[in-house]
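Numbered from 1 within each chain, the chains take letters A, B, ... in sequence-line order.
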Number of protein chains: 2
Amino acid sequence: MKQDSRLARMIHVLIHMALLGGRETSETIAKMLNTNPVVVRRTMGALKRKGVVGSEGGRGGGWALLRPLDQLTVLDVQRALDDGQVLTAGVSEDHPTCPVERAANAALVGAFEQAERTLLREFADLRLSTIAEGAMKDLPGSPIQTAHGDHHA
Amino acid sequence: MKQDSRLARMIHVLIHMALLGGRETSETIAKMLNTNPVVVRRTMGALKRKGVVGSEGGRGGGWALLRPLDQLTVLDVQRALDDGQVLTAGVSEDHPTCPVERAANAALVGAFEQAERTLLREFADLRLSTIAEGAMKDLPGSPIQTAHGDHHA
DNA sequence: GAAGTGCGTAACATTAATTGTTACGCTAAG
DNA sequence: CTTAGCGTAACAATTAATGTTACGCACTTC
């Protein structure tokens, strides 16, 4: 499949919006995301419904953050984009009445539910302000940052 | 996307093979999975390369388990099917040099790595023999089993 | 109040991954 | 040497995410 990158993109954009401070049009945001204004409206529309951003039409309009970054977690953004499960188990549906198939599926679903709990806990702990601070350290002149630098494992 | 159900299918099949005890042809297995012998060969081929099953050509040939179910974990099967990550973060690649994008991606990758660690731990703890026992309880006459019955959360 | 700017959304095209299908080669048993 | 069965390449079908075009509606400004 083609990977779903909406969460990453929205986090990216929301931080930029906070840094810029004002109102951004779908076209401006589309350039940040190297895409199309329609895609931006689609995705930002979901954030609007959950009160993360607001939009204004007409001249001078655009999108604006409704909360400061330190009151926004990755979980908030994820939940705005999708209420359902983040991880899904990839079960089989070849013989839905077969006890073996059902037991296999149930086992996998259980394992993924555990993993999802971990993921959501991580998401809830990740404030966008923290990510923004991390970005400041990764500027020309600083040593290269890997993606694995700061776990709290 | 279409979900990858190879893991669920292989667990399903391996348990059936153990219960049947002998050698099964790709065609027999295909019927269990409600699919095609070629699909079976493709997927079982991966298990063969990792020593989980063996295959024999010619008359009387087919596939056979090389290990008892209590010495096979879901993790073994997953690893046979795919050496890489089970969970992937869905990062954005719109402006690879943008520090904000990189920080956002890194944060997500970190969170998914945590979740993957949980998932692999669950997989490692799940023996196929345990799943097989669970299937025995889910037979006509028994009360209906939900998919959420037996976590150790 | 007319025009321009910008969001909202439907409809369709594109891209990618999984799965299904057909065809053919090779091996081992009988 | 015929049959049963695996091994694999090649192609079609299905599905999900993303990209794109087109058009409607609201608000601002002149």
Side-chain angles (χ1 to χ4, degrees), chain A residues 1-10 12-13 17 22-49 52-66 78 81-82 84-94, chain B residues 1-10 12-13 17 22-49 52-66 78 81-82 84-94:
Chain A
M1 114 193 63
K2 190 182 280 186
Q3 275 262 35
D4 183 346
S5 63
R6 285 176 305 164
L7 179 59
R9 285 177 139 183
M10 286 303 101
H12 179 189
V13 156
M17 288 173 66
R23 210 183 284 284
E24 310 298 325
T25 70
S26 298
E27 182 137 355
T28 307
I29 296 174
K31 277 172 193 154
M32 292 182 201
L33 296 181
N34 213 32
T35 182
N36 203 292
V38 178
V39 176
V40 173
R41 291 189 192 115
R42 260 205 298 248
T43 317
M44 293 289 282
L47 300 188
K48 181 184 178 183
R49 262 168 254 133
V52 174
V53 299
S55 67
E56 298 262 334
R59 201 188 194 89
W63 302 88
L65 260 174
L66 297 183
Q78 168 64 41
L81 291 176
D82 190 350
Q85 291 186 282
V86 184
L87 306 179
T88 52
V91 300
S92 61
E93 301 180 326
D94 304 314
Chain B
M1 120 195 68
K2 189 182 282 185
Q3 274 262 38
D4 183 345
S5 61
R6 285 176 304 166
L7 179 58
R9 286 178 139 184
M10 287 303 101
H12 178 189
V13 156
M17 288 174 66
R23 209 182 286 282
E24 309 298 324
T25 70
S26 299
E27 182 136 356
T28 307
I29 297 175
K31 277 170 194 153
M32 293 182 200
L33 295 181
N34 212 32
T35 182
N36 204 292
V38 178
V39 175
V40 173
R41 291 190 191 115
R42 262 206 297 251
T43 317
M44 294 287 284
L47 299 188
K48 180 184 178 183
R49 263 168 253 131
V52 175
V53 299
S55 67
E56 298 262 334
R59 204 185 192 91
W63 302 89
L65 261 175
L66 297 182
Q78 167 64 41
L81 291 176
D82 188 351
Q85 290 186 283
V86 185
L87 306 179
T88 53
V91 300
S92 61
E93 300 180 329
D94 305 312

Among residues 53-60 of chain A, which ones have heavy-atom contacts with DNA chain D below 4.0 Å?
A/Gly58, A/Arg59
Here's a test of your reading of the structure: between A/Arg9 and B/Gly61, which maps to the more 5' nucleotide of DNA chain D?
B/Gly61
Is there a side-chain polar atom (N or O) of B/Lys48 under 4.0 Å from OP1 or OP2 of D/dG7?
yes
Rounded to whole Å, the CD1-C1' distance (A/Ile29 to C/dG8) equals 15 Å
Scan A/Gly45 against the nucleic acid and name what it touches under 4.0 Å (heavy atoms): base, sugar-phosphate only, or nothing.
nothing
Any side-chain N or O of A/Thr25 under 4.0 Å from OP1/OP2 of C/dG6?
no
Distance test, side-chain N/O of A/Ser26 to OP1/OP2 of C/dC7, below 4.0 Å
yes
Interatomic distance where CG belongs to A/Leu33 and P belongs to D/dG19 [whole Å]
9 Å
Nearest-Å distance for atom pair CD/P, residues B/Gln3 and C/dT19:
9 Å
Okay, side chain of B/Arg6, backbone of B/Thr43: is any donor-acceptor separation there less than 3.5 Å?
no
Measure the CZ-OG distance between A/Arg23 and A/Ser55 for me, rounded to the nearest 0.5 Å.
9.0 Å
Rounded to the nearest 0.5 angstrom, the NZ-CG distance for B/Lys48 and B/Leu66 is 10.0 Å
Side chain to side chain contact (heavy atoms under 4.5 Å, CB included) partner of B/Arg9, chosen from B/Leu81, B/Asp4, B/Val39, B/Ile29
B/Val39
C/dG20 P sits how many Å from B/Arg6 CZ, rounded?
12 Å
For residues A/Leu33 and A/Met10, determine if any side-chain heavy atom of one lies less than 4.5 Å from a side-chain heavy atom of the other.
yes
Whole-Å distance separating the CG atom of A/Asp4 from the C1' atom of D/dT18
10 Å
Tell me: CD of B/Glu27 to C1' of C/dG20, nearest whole Å?
15 Å
Between CG on residue A/Asp94 and NZ on residue B/Lys31, distance to nearest 0.5 Å:
15.0 Å
Enter the distance from A/Arg59:CZ to A/Thr25:OG1 here, rounded to the nearest 0.5 Å.
13.0 Å
Where along residues 35-42 of chain A does a heavy atom fall under 4.0 Å from DNA chain D?
A/Thr35, A/Asn36, A/Val38, A/Val39, A/Arg42
Whole angstrom is fine here: how far is it from CG in B/Asn34 over to P in C/dT19?
14 Å
Answer yes or no: is there a side-chain heavy-atom contact under 4.5 Å between A/Met17 and A/Val13?
yes
Euclidean distance, atom CG of residue A/Asp94 to atom C1' of C/dT19 [Å, nearest integer]
11 Å
Atom pair CH2 (A/Trp63) and CD (A/Glu56), whose distance is rounded to the nearest 0.5 Å:
11.0 Å
